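Report on one structure; see the data block that follows.
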Amino acid sequence: MSDTVTLKINGRTITASAGSTLLAAAQSANIYIPNLCSNEELTPYGACRLCMVEIAHGKRTRMVASCIYEVAEGLEVQTVTERILNVRKLVIELLLARNPYHPRLLKISHELGVQASRFKEDVKGCILCGQCVRTCREVVGVAAIGFKGRGRTRTVATPFDKAPADCIACGSCAYICPVKVIPLEDKNNVRTIWKTEFPMAVCKKCGRPFAPEKQLAYFRKIANLPENHFDTCIQCR
Ligand code: FES
């Protein structure tokens, strides 16, 4: 079986790695498709639906989320049609109702010519892209947070909304969040995240607090490094 496939995106012939997604193939050919929940380091999720494109099956076309749809030999793809733009406009309006202020959403709405959302504002901040949940589970490997509820009440939360037992306070969820709505604060040698306080370890050389003790304990357990490797901050190592 060939390692590559040839397809057409907006009439351009593209060669892409077999198994890659339409979004990745378009991006590597410098073809822009808006997206919010996609991250090449994480399992494709297909939550936001901004990346919808049209693919042709003979005379019929259908819409698919390009971040979860694999490239295929001979596929014909359109990334900008009236039908797609209408879906993207609807999606961004729904997202703006949840988060009307974030520059990233405003930039996409501007690109789509959307001035304002037709939907009643119900500001939650979180756009439910799931990057935080996937990062915690797939990259950090601890699964301290997850989705809770359905429909309008769906949120990202800690188990039973309690202090997350498995959280190591690494802050990866806050870092990856595309709309920056996960509060994280480092103050007085304590990191606060998910409404839980985590004491920070102090560098044995410079004396500055540099990482949560729980995060360092986790790294000591999983990293094949000398025990004292995590006694000092990155600058002093
Ligand atoms: S980027 Fe494809 S559904 Fe969100």
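Note that the structure is a prediction, hence the values are computed from the model and not measured. Both ligands and their constituent atoms are indexed starting at 1 by order of listing.
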Partners meeting side chain to side chain donor-acceptor pair (under 3.5 Å) with Thr43 (sequence neighbours left out): Glu138
Short N-O contact, Glu197 and Arg191, less than 4.0 angstrom: no
CD (Glu73) with more than 12 external heavy atoms under 6.0 Å: yes
Closest approach of Ile145 to Cys173 (non-hydrogen atoms, all atoms of both residues): CD1-CB, 4.0 Å
Geometric class of the Tyr45/Phe147 ring pair [parallel <30°, tilted 30-60°, perpendicular >60°]: parallel
For the student: nearest non-hydrogen atoms of Leu112 and Lys89, plus distance: O-CE, 3.0 Å
Atom-level proximity to ligand 1, residues with heavy atom under 4.0 Å: Asn35, Leu36, Cys37, Ser38, Gly46, Ala47, Cys48, Arg49, Cys51, Cys67
